[in-house]
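What follows is a single structure, written as structure tokens, with notes after it.
Just so it is clear, the values below take in all heavy atoms, side chains as well, and ignore hydrogens, waters and symmetry mates. Ligands are counted one by one from 1 in listed order, and the atoms in each one are counted from 1 as well.
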Amino acid sequence: MKKDEAIAIIEPYLTKPRFEHTLRVAETAVKLASKYDVSVEKAELAAIFHDYCKYRSLEVMARIIEASSLPKDLLEYHHELWHGPVASLLIEQEYGIEDQDIKNAIYYHTTGRANMSKMEMVVFVADYIEPGRSFEGLDEVREMAEKELIRTTWMVSRNTIQFLMRKKSRIYPDTFHAYNDLTKRLDGGKKFEL
Ligand code: DGI
Ligand code: FE
Ligand code: FE
């Protein structure tokens, strides 16, 4: 699918600020993809669709999760976690997008997971650092994004968990799996770190 076609598909489903966020995530993902040597076209398409289901009704998303192969434990966690997995399913059903790299980048863009691919990291990081964002500690993450993809992804994962814990939110297992796995990849798999 061409970029312009994808943009025309998602626009009616999003608010204006969310649409603009999406375009900035796509631009950021393109830059990261070319820097870190993953397919620019796939990263761009994944970014364009990453929040495709952000504003679907909770009832409809819950029904899709129940009726599909998506993990049912999603329903026990915040509905904010549903839009990525649901979008990865719907883009295949509705537009025939079968590419697993694209689908995984969309699926895991909110939580991350263990063993993230470079494509998954590119979209996960782009969503966090796009120029419209203003999180605490973002300058440090943006600087790192110029240098090291795994360390950058680790910072995003750590910051997200810290933010969620401060809010006393429940944290989905994949969110922790991402952090643990990235920590291991950074420290070379040392076994006895506290
Ligand atoms: O869709 P966006 O707003 O662009 O960004 P997103 O899909 O990365 O994240 C949506 C929200 O989900 C964000 O506030 C962080 C939150 N989140 C990420 N992991 C978890 C989580 N919320 C809960 N409750 N549990 C998680 O594990
Ligand atoms: Fe999202
Ligand atoms: Fe987003």
**Request:** Using 2.8 Å as the cut-off, note every protein N, O or S atom close to the Fe ion (ligand 2).
**Result:**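 Near the Fe ion (ligand 2), the protein supplies Asp51 OD1, His83 NE2, His109 NE2.
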
**Request:** Would you please say whether a donor-acceptor pair under 3.5 Å links the side chains of Arg18 and Tyr55?
**Result:**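 Distance-only check passes for Arg18 and Tyr55.
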
**Item:** same_hphob_cluster(Leu14, Val25) at 4.5 Å side-chain heavy-atom cutoff
**Value:**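 No, separate clusters.
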
**Prompt:** Residues two or more places apart in sequence or in another chain: which of them pass ring pair (Phe, Tyr, Trp, His ring centres under 6.0 Å) with Tyr36?
**Reply:**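 By the ring pair (Phe, Tyr, Trp, His ring centres under 6.0 Å) rule, Tyr36 matches no residue at all.
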
**Prompt:** Does NZ or CZ of Arg133 come closer than 6.0 Å to the centre of the six-membered ring of Tyr128, within 45° of the ring's axis?
**Reply:**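 No, a cation-pi geometry is absent between Arg133 and Tyr128.
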
**Message:** Salt bridge check, Glu80 against Lys54: does any charged N sit closer than 4.0 Å to a carboxylate O?
**Reply:**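 Answer for the salt bridge query: yes.
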
**Message:** Salt bridge check, Arg151 against Glu140: does any charged N sit closer than 4.0 Å to a carboxylate O?
**Reply:**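 Here Glu140 does not pair with Arg151 in a salt bridge, since their nearest N and O are not under 4.0 Å apart.
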
**Item:** Spatial distance of atom CD1 (Ile64) from atom CH2 (Trp82) [nearest 0.5 Å]
**Value:**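 One finds 11.0 Å between CD1 of Ile64 and CH2 of Trp82.
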
Would you tabulate the polar-atom pairs, meaning N/O of ligand 1 against N/O of the protein, with distances under 3.5 Å, reported to 0.1 Å?
residue, atom, partner, partner atom, Å
ligand 1, 1 (O), Asp51, OD1, 3.1
ligand 1, 1 (O), Asp51, OD2, 3.4
ligand 1, 1 (O), Lys54, NZ, 2.7
ligand 1, 1 (O), His83, NE2, 3.2
ligand 1, 3 (O), Arg18, NH1, 3.3
ligand 1, 3 (O), Lys54, NZ, 3.0
ligand 1, 4 (O), Arg18, NH1, 2.9
ligand 1, 4 (O), His21, NE2, 3.1
ligand 1, 4 (O), Asp51, OD2, 3.2
ligand 1, 4 (O), Asp127, OD1, 3.2
ligand 1, 4 (O), Arg133, NH2, 2.9
ligand 1, 5 (O), Asp127, OD2, 3.4
ligand 1, 7 (O), His83, NE2, 3.2
ligand 1, 7 (O), His109, NE2, 3.0
ligand 1, 7 (O), Thr110, OG1, 2.7
ligand 1, 8 (O), Asp127, OD2, 3.2
ligand 1, 24 (N), Arg170, O, 3.1
ligand 1, 25 (N), Arg170, O, 3.0
ligand 1, 27 (O), Tyr172, N, 2.8
ligand 1, 27 (O), Thr175, OG1, 2.8

**Request:** Using modelled atom types only, decide if a donor and an acceptor are shared between the side chain of Arg142 and the backbone of Ile129 within a distance under 3.5 Å.
**Result:**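 A pair under 3.5 Å: yes.
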
**Item:** Main-chain N/O of Thr111 paired with Asp174 side-chain donor or acceptor, under 3.5 Å
**Value:**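 Such a contact is absent between Asp174 side chain and Thr111 backbone.
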
**Prompt:** Of all the N, O or S atoms in His21, which one sits nearest to the Fe ion (ligand 3)?
**Reply:**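 Within His21, restricted to N, O or S, the Fe ion (ligand 3) is closest to atom NE2.
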
**Message:** According to salt bridge (Lys or Arg N to Asp or Glu O under 4.0 Å), who are the partners of Lys3, at least two apart in sequence or on a separate chain?
**Reply:**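 With sequence neighbours excluded, Lys3 shows a salt bridge (Lys or Arg N to Asp or Glu O under 4.0 Å) to Glu44, given in chain and number order.
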
